Number of protein chains: 2
Amino acid sequence: MELDKKMLEEGEVFSPRFNKDGLILAISQEEKTGEVLMAAYMNQEALQETVKTGRAVFYSRSRGKLWRKGEQSGHFQKVRKIFTDCDQDCLLLKVEIDQGQCHVGYKSCFYREVLDDKSLKISDEKVYDPKEAYSKTNGESGKQS
Amino acid sequence: MELDKKMLEEGEVFSPRFNKDGLILAISQEEKTGEVLMAAYMNQEALQETVKTGRAVFYSRSRGKLWRKGEQSGHFQKVRKIFTDCDQDCLLLKVEIDQGQCHVGYKSCFYREVLDDKSLKISDEKVYDPKEAYSKTNGESGKQS
């Protein structure tokens, strides 16, 4: 049942609106520092597993399956709080991480600033060696968008 | 020309990857506090106008046109910095806002926490009256997802 606009926006019933592909956007933010870490999609199963386990689980569109963040690298996201936006088509996860979480080796995926001349400036330093992290499990490195 | 993975992820060339609908995700975060405000999409034109004017411009999928944030409510987002993520399919805008920016009246669109029982708890207070803000311009209120 579709909630009416008032209920959707101001009500107290969680009614996540998955898109036509069955996905909802989820943004991970480090609770402690407020740093935005990454954005990815969840399907219903990923959201359920996230709530149940307290670890962020996304849905990999490129691989067509659940993406248990940290399963390969060991860098899990412990989900402390979940927020929904006004029209409930986007989630914000307040998470705790051990170290980095971007597969390139940075803490956040947003490690480059776009400058006026359209060049990118690296604005952060790597916090772990992705080669080492991913070799532990023979996992496949790379962002699973 | 598609950049190779290494260049895309570690290079210094801004090469935003718009999806098949010509859109890229953009997250707005208040620069001063780190608060995540909203997430929406941009097309190439919206991104260009954002860079040129320094004010956040999105693309409204529901209305099929540019969405100049604040045009109706007066609550603009001044874009101070733009970051791109590892595979350049998501942008993070560090913005300055005057007051609120969510059309419901809150500062951030993420004003409700999802509790364990799937109910929502309002975790913020309204900072402006949307009826008043939107009536100024006879604009249409509502999130333009």
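Below, chain A is the first sequence line, B the second, and so on; all start at residue 1. Every heavy atom of this structure was used, including side-chain atoms; hydrogens, water molecules and symmetry mates were not. None of the values given here were measured: they were computed from a predicted structure.
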Turns out that what part of B:Lys126 lies under 4.5 Å from chain A's heavy atoms comes down to side chain

Using 0.5 Å steps for rounding, measure from the SG atom of A:Cys109 to the CG atom of B:Leu92. 11.0 Å

If you count heavy-atom pairs under 4.5 Å between each of B:Ser108, B:Pro16, B:Gly11, B:Gly34 and chain A, which one has the most? B:Gly11

Region of B:Leu115 in contact with chain A, defined by heavy-atom distances below 4.5 Å: neither

Got a sec: does the CG of A:Asp116 have more than 12 other heavy atoms crowding it under 6.0 Å? no

Hey, quick one: are B:Val36 and B:Leu91 part of the same hydrophobic cluster, counting side-chain heavy atoms closer than 4.5 Å, chains of contacts allowed? no

Is it the side chain or the backbone of A:Ser123 that comes within 4.5 Å of chain B heavy atoms, both, or neither? side chain

Heavy-atom side-chain proximity of A:Phe14 to B:Ser119 below 4.5 angstrom: no

State whether the side chain of A:Gln29 and the backbone N or O of B:Glu35 hold a donor-acceptor pair below 3.5 Å, judged by distance alone. no

If hydrophobic clusters are built from ILVMFWY residues whose side chains come within less than 4.5 Å, do A:Ile82 and A:Val95 share one? yes

Salt bridge (Lys or Arg N to Asp or Glu O under 4.0 Å) between A:Glu113 and B:Arg80, intermediate numbers included: CA-CA 11 Å; A:Glu113 183 182 349; B:Arg80 297 305 187 195; over 6 Å; no

Is it possible for you to say whether B:Phe76 and B:Val104 belong to one hydrophobic cluster, with membership spreading through side-chain heavy-atom contacts below 4.5 Å? no

Taking the side chain as every heavy atom from C-beta outward, state whether A:Leu120 and B:Gln88 have any atom pair closer than 4.5 Å. yes

So which of A:Lys121, A:Lys118, A:Lys94 has the biggest tally of heavy-atom pairs under 4.5 Å with chain B? A:Lys118

Rounded to the nearest 0.5 Å, the CG atom of A:Leu25 sits from the OH atom of B:Tyr41 at a distance of 5.5 Å

A:Ile27 side chain reached by B:Phe110 side chain, heavy atoms, under 4.5 Å: yes

Is there a continuous path of hydrophobic side-chain contacts, each under 4.5 Å between heavy atoms, that joins B:Phe83 to A:Ile97? no

Audit row: A:Glu9, B:Arg112, salt bridge (Lys or Arg N to Asp or Glu O under 4.0 Å) steps and yes/no: CA-CA 9 Å; A:Glu9 294 181 346; B:Arg112 287 175 298 179; over 6 Å; no

Close side-chain approach of A:Asp85 to B:Met38, heavy-atom, < 4.5 Å: no

